[in-house]
Structures are given as structure tokens and as C-alpha cells.
Amino acid sequence: VVIPHTYVWRAINNPPKIGHLNEKLPTGGLDLSAGGDETAFAVRNGNKLIKIMGFKFDNTQATITYLEKQFKIHGFDNPAAKIFADAGGLGKPIIDQLRERGWTNIRYVLNQAAAFNDKVYKNRGAEMWFTFGKLLEGYEIWLCDDDKLKTQLTSRYYKITDNNRHQLESKMQARAKGHPSPDRADAVVLAFSNYRSKLDEEKYEKPY
């Protein structure tokens, strides 16, 4: 698996010694799903996951209405508060509609795009997951308690390709093996995709 269970358990039950590194604005992660999977929206502030929510609606308009309500509740009506959204598959048309409705702070993220470190990772999606795993390993992230999130974060599998790059198990492969669809976990990973570790700064006590 990408992320061991112990990292997730610790991030929920034993918050980091550095505490909550508060930021002025929230950051969001949005995983838009079709079919029987959930759409998931994660809200973080600094190194702390404030909320993770998963939901299903029968039509796109209901999804958009609900998301706009949540954006306003959690402070994303400030245009400087960024939301990183999965633009793969049916995600892009929904993001397009939200942006046309004024939510220009939503950023398109393509999991299948080239990784920044393409010698190590097959694509950007794998790179984001492993980067988030390193943040958890460094004992810097504070997660809220959510049973589905715990299961999904600790059930994301990967393989090493022929050219020695890390590649995530596809959602189709996961479903065939009985692994949970990582919708909430993907949203959390997206929410932390622009987070930069603070542990190198002298003013913060190291967690070790």
C-alpha cells in the first residue's frame, strides 16, 4: 500500500506536537465521481483536515447546488481560497459549470498528467499520493476521524512499472479486487496537493 495504517491512525488519534499551523484561508480538494461512487469534498486549514464529506445525487445540477452551498459555508467565496479538483472523466464538465458560475478559484488537476518527478512516478496522481504519504510519515498532518477515509487512505495499492516508476492501482483494478473506491481519500490528497512542509523552519518544534 502507499500509506501504512499506522501513519493514518497517528494523524487522527495523536495529533502532531506542532499543533495546528493555521492559515488565513482554507484550501479544498474535490473528487467528482460518476455512477455509484461518491463525490467527495475535503476542507483543510494549514496542516489540519477540517472536514471531509461524501455525497451522491442523481443529477449534475443537484451536485452543483450542494457544492456551492458547501463552498460558501467553508469560506471559499473568497476568490483567494483555492479548490483543487480532479478534472478527469466527467469531472471537467462539472468544474467548467462551477467556474462559469463564478467559482474561478477552482483549479483543474489531471491525475494522468506528467509527474513533476517523472523518473520516479508514472503520473501526477501517483506523485500526489506518495507526497501526502511522506507528510503523514513526517508526523505533520492532523486528520479528522472518518471511517471511510481511514479505510480508503490505507487501501491504495501501487506497483513498480518496468521502467521503475511508481504507478497507482486503477479504480477499475481496485474494484475488481474488492478494494474501496478512494473518493474521500482522493479529495484529501488534492486538498494537500499544494501544501509545503513547515518542519524545516526553525520556529517549529520537530515531532521526533
Side-chain angles (χ1 to χ4, degrees), residues 3 7-8 10-13 15-33 38-55 57 62-88 91-92 94-111 124-125 127-129 131-136 138-150 152-153 182-199 201 203-204 207:
I3 300 173
Y7 295 173
V8 176
R10 184 177 62 182
I12 294 171
N13 297 287
K17 291 181 180 179
I18 55 176
H20 180 197
L21 306 180
N22 186 60
E23 294 178 350
K24 293 181 179 179
L25 296 171
T27 302
L30 179 60
D31 182 71
L32 294 152
S33 300
E38 289 184 324
T39 287
F41 181 49
V43 180
R44 76 164 175 89
N45 181 286
N47 64 330
K48 185 174 183 179
L49 179 65
I50 305 299
K51 190 170 185 178
I52 177 66
M53 60 199 86
F55 52 91
F57 291 107
T63 298
I64 289 174
T65 299
Y66 182 80
L67 284 172
E68 287 190 301
K69 179 181 178 181
Q70 295 302 320
F71 292 168
K72 292 173 183 176
I73 288 173
H74 294 286
F76 291 96
D77 45 359
N78 184 323
K82 296 183 178 65
I83 300 169
F84 295 90
D86 179 8
K92 186 178 182 302
I94 298 176
I95 299 170
D96 289 343
Q97 290 186 56
L98 285 165
R99 285 179 61 87
E100 288 175 4
R101 294 169 70 92
W103 300 99
T104 56
N105 50 336
I106 298 178
R107 301 290 185 267
Y108 297 88
V109 179
L110 282 172
N111 287 326
R124 183 70 182 126
E127 186 172 43
M128 287 191 297
W129 263 84
T131 300
F132 182 67
K134 290 175 183 176
L135 289 172
L136 289 173
Y139 200 8
E140 184 171 359
I141 301 304
W142 190 347
L143 297 177
C144 59
D145 195 355
D146 180 272
D147 288 340
K148 285 188 177 181
L149 176 62
K150 284 186 288 188
Q152 292 173 17
L153 282 174
D183 311 305
R184 298 190 188 197
D186 279 340
V188 171
V189 169
L190 284 163
F192 281 92
S193 62
N194 70 329
Y195 182 82
R196 298 295 175 264
S197 176
K198 307 293 192 301
L199 295 183
E201 299 180 22
K203 62 181 178 179
Y204 296 119

Notebook entry, point to check: Pick one: which of Y66, F55, F76 meets ring pair (Phe, Tyr, Trp, His ring centres under 6.0 Å) with F41?
Noted result: F76

Spacing of [atom1] belonging to [X] relative to [atom2] belonging to [Y], to within rounding of 0.5 Å:
X: T104; Y: L98; atom1: OG1; atom2: CG; answer: 11.5 Å
X: L30; Y: I94; atom1: CG; atom2: CD1; answer: 8.5 Å
X: S193; Y: D186; atom1: OG; atom2: CG; answer: 11.5 Å
X: L135; Y: R196; atom1: CG; atom2: CZ; answer: 9.0 Å
X: L143; Y: Y7; atom1: CG; atom2: OH; answer: 14.0 Å
X: T65; Y: R101; atom1: OG1; atom2: CZ; answer: 6.0 Å

Margin query: Quick test of your reading of the model: are K92 and D86 salt-bridged, counting only N-O distances below 4.0 Å?
Written below: no

Check: Are K150 and D147 close enough for a salt bridge, meaning some N to O gap below 4.0 Å?
Finding: yes

Might you point out which heavy atoms bring [X] and [Y] nearest each other, and give the distance in Å?
X: L25; Y: A81; answer: CD1-N, 4.0 Å
X: S33; Y: D183; answer: OG-OD1, 3.2 Å
X: L110; Y: G88; answer: CD2-N, 4.1 Å
X: N105; Y: P79; answer: CB-O, 3.3 Å

Less than 4.5 Å apart, side chain to side chain, heavy atoms only: is that true for [X] and [Y]?
X: F132; Y: I141; value: yes
X: L153; Y: W129; value: yes
X: I73; Y: K69; value: yes
X: F84; Y: I106; value: no

Do the side chain of [X] and the main chain of [Y] share a donor and acceptor less than 3.5 angstrom apart?
X: R107; Y: I83; answer: no
X: D31; Y: A40; answer: no
X: K148; Y: D146; answer: no

Checklist line | Full working for side-chain contact (heavy atoms from CB on, under 4.5 Å) between T131 and E127 | finding: CA-CA 6 Å; T131 300; E127 186 172 43; 4.2 Å; yes

Quick one: side chains of residues 44-52, donor-acceptor pairs under 3.5 Å with protein atoms, not counting sequence neighbours, listed by atom name and distance.
from, atom 1, to, atom 2, distance (Å)
R44, NE, A191, O, 2.6
R44, NH1, G46, O, 2.8
R44, NH2, N194, OD1, 2.8
N45, OD1, H20, NE2, 3.1
N45, OD1, E23, N, 2.8
N45, ND2, E23, O, 2.8
N47, OD1, L21, N, 2.7
N47, ND2, G19, O, 2.9
N47, ND2, E140, O, 2.8

Item checked: side-chain contact (heavy atoms from CB on, under 4.5 Å) assessment of L136 paired with R10 -> CA-CA 9 Å; L136 289 173; R10 184 177 62 182; 5.9 Å; no

Notebook entry, point to check: Partners of Q152 by side-chain hydrogen bond (donor to acceptor under 3.5 Å, both in side chains), sequence neighbours excluded?
Noted result: none

Next item on the list: Please work out which of the three classes, parallel, tilted or perpendicular, describes the rings of F192 and Y195, given edges at 30° and 60°.
Entry: perpendicular

Check: Is there a donor in the side chain of D77 and an acceptor in the side chain of W103, or the other way round, less than 3.5 Å apart?
Finding: no

